[in-house]
Amino acid sequence: MKKDIIGYDIKMLEDTLEELGELRFRGRQVANWMYKHGVRDFMKMVNISSTLRAKLDENLIIGKLKLADKQSDETGTEKFLWNLNDGETIESVLIPDGERLTLCISSQVGCPLDCQFCATGQIGFKRNLNSGEIVNQYLQADTSEERRITNIVFMGMGEPLLNYENLLTALRIFISDEAIAFGAKKITVSTSGVAPKIKKLAEEGMKTGLAFSLNAADDKLRDKLMPINRRYNLEDNLKALKHYAKLSGRRVTFEYVLIKNVNDSLDDAGKLAKMVHGIPCKINLIRYNPVDGTGFEAPDDDAVLAFRDYLYPRAPAVTLRESKGSSIAAACGQLRGEYVKNELGSK
Ligand code: SAH
Ligand code: SF4
């Protein structure tokens with residue numbers, strides 16, 4: 001059977017070429033073709049001799065995701081539904097925001113963490129994505145020269161830090177100058193708070209952005225909303241986040257999804273301001289996008305503004321995503337990996 005090399009990092013490609021009896025630098029040539037130019041046909045890799053091209057073609061393939069559906073809405077947001085080789089499905093979302101074009105990608109099929117408000121959590125966990133399935137979401141989110149992806153966020157389906165090795169391989173491919181060469185600063189890994197893996201990621205020295213989905217400013221509420229908090233509580237995570245900020249030299253982002261009468265009071269805002277004190281950070285407030293079967297509702301506009309206005313002078317850099325349909329986390333936080341006709345597009 002031919003070996004699928006999509007998602008191989010530079011070293012893996014060099015090893016593969018060596019196994020085929022070729023010089024290691026050929027691996028970098030292949031990386032250049034498939035990651036920089038999106039070429040999947042070895043016969044088109046014209047700086048490689050025709051004999052070697054034929055040999056590559058005989059032994060290897062560069063796999064693709066199958067596009068099952070694509071929907072877009074009036075804000076220019078596009079949602080891709082991908083079929084994987086084993087029949088599972090995942091989603092990615094492309095979100096324009098002024099000068100930016102952000103791609104929100106998935107790291108797992110479903111998610112094992114069961115956060116009470118989250119659509120992906122309702123699916124349960126199917127499996128990890130491999131690095132090829134992660135990278136292909138970017139390579140295949142068909143953009144043109146005029147419409148380049150400027151940011152990548154791991155806010156789609158799944159908990160990226162629970163798929164650590166494949167996440168790391170994918171990050172290496174995104175960042176490496178010899179592969180995609182996407183700026184590390186333009187990539188954000190979002191996590192529900194797997195403290196030991198936050199520390200580990202800090203120590204890899206990749207300097208990608210890190211977002212922590214806080215959503216509750218005390219352990220009692222967070223234990224309920226996000227059961228992973230019973231394993232790694234706020235103290236564990238805050239420590240890990242400080243470590244990340246220190247080693248990366250970057251501010252971390254706190255994501256806070258406002259849910260009506262659950263975490264949207266001024267008392268919650270006060271706790272949040274106190275909690276982030278002394279941590280180099282930004283805070284992103286996001287209106288909850290209601291998910292059937294959760295019992296949770298979107299917050300009232302008054303509550304959202306009061307929350308922000310209370311927080312703003314007391315905490316650093318607070319942003320509130322105004323547009324409901326295309327807000328990054330809102331659009332990303334609702335991924336189910338199933339074909340829901342008319343969900344986006346023909347509203
Ligand atoms: N597992 C990771 C990344 C995927 S979830 C994490 O939890 O960070 C991406 C973001 O979407 C998280 O910040 C999560 O709190 C948010 N989210 C989940 N469901 C949402 C919803 N229905 N409305 C708004 N945001 C949601
Ligand atoms: Fe998983 Fe993140 Fe959803 Fe929680 S919020 S269930 S960690 S995808």
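Note that the structure is predicted; figures quoted are calculated from it, not measured. First listed ligand is number 1; within each ligand, the first listed atom is number 1.
Using modelled atom types, one finds no donor on one side chain facing an acceptor on the other under 3.5 Å when comparing Y244 with E203. At a cut-off of 3.5 Å, with distance as the only test, no side-chain donor of S265 or Y310 sits close to an acceptor on the other residue. Checked by atom type, the side-chain pair N128/Q108 shows a donor-acceptor distance below 3.5 Å.
With a heavy-atom cut-off of 4.0 Å, N289 touches ligand 1 through backbone and side chain alike. At a heavy-atom distance under 4.0 Å, only backbone atoms of F154 (N, CA, C or O) approach ligand 1. Residue C115 touches ligand 2 through backbone and side chain together, judged by heavy-atom distances below 4.0 Å. Contacts between N215 and ligand 1 below 4.0 angstrom, taking non-hydrogen atoms only, involve the side chain exclusively.
Within a 6.0 Å radius of NZ in K282, no more than 12 heavy atoms belonging to other residues, nucleotides or ligands are found. By the neighbour-count criterion of 12 heavy atoms within 6.0 Å, atom NZ of K36 is densely surrounded, having more than that number from other residues, nucleotides or ligands. Other residues, nucleotides and ligands contribute more than 12 heavy atoms inside 6.0 Å of the CG atom of D114.
Ring-plane geometry between W82 and F80 is classed as parallel, the angle between the planes falling under 30 degrees on a 0 to 90 degree scale with a further cut at 60.
For F174 and Y35, the ring centers are positioned 6.0 Å apart or more.
Of the N or O atoms in S213, one or more lie within a sub-3.5 Å distance of an N or O in ligand 1. Residue Y288 has no N or O atom closer than 3.5 Å to an N or O atom of ligand 1. The N/O atoms of S190, backbone and side chain alike, include one that comes under 3.5 Å of an N/O atom in ligand 1.
Heavy-atom proximity to S192, at under 4.0 Å, picks out these atoms of ligand 2: 7 (S). Near T191, the atoms of ligand 1 lying under 4.0 angstrom from a non-hydrogen atom of the residue are 6 (C), 8 (O). Close contacts between ligand 2 and G121 involve ligand atoms 6 (S) [criterion: under 4.0 Å to a heavy atom]. Atoms of ligand 1 lying under 4.0 Å from any heavy atom of G156, numbered from 1 in the order shown and given with element: 4 (C). Taking every heavy atom of V291 and a limit of under 4.0 angstrom, the matching atoms of ligand 1 come to 22 (N).
Backbone or side-chain N, O or S atoms of C111 do not reach atom 3 (Fe) of ligand 2 at under 2.8 Å.
Salt-bridge annotation for E58 and K2: absent, with no side-chain N of the basic residue lying under 4.0 Å from a carboxylate O of the acidic one.
Atom 2 (Fe) of ligand 2 has its closest protein heavy atom at G158 O, 4.6 Å. Looking only at heavy atoms of the protein, atom 3 (Fe) of ligand 2 is closest to C118 SG, 2.4 Å.
A distance of 6.5 Å separates CD1 of I279 from CG of L241, quoted to the nearest 0.5 Å.
Inter-residue side-chain proximity for N284 and L320 is flagged as unmet; no heavy-atom pair is nearer than 4.5 Å.
In this structure, atom 7 (S) of ligand 2 is in close contact with the protein, since a protein heavy atom lies within 4.0 Å of it.
Residue nearest to atom 3 (C) of ligand 1, selected from C115, G158, C104, G121: G158 (by heavy-atom distance).
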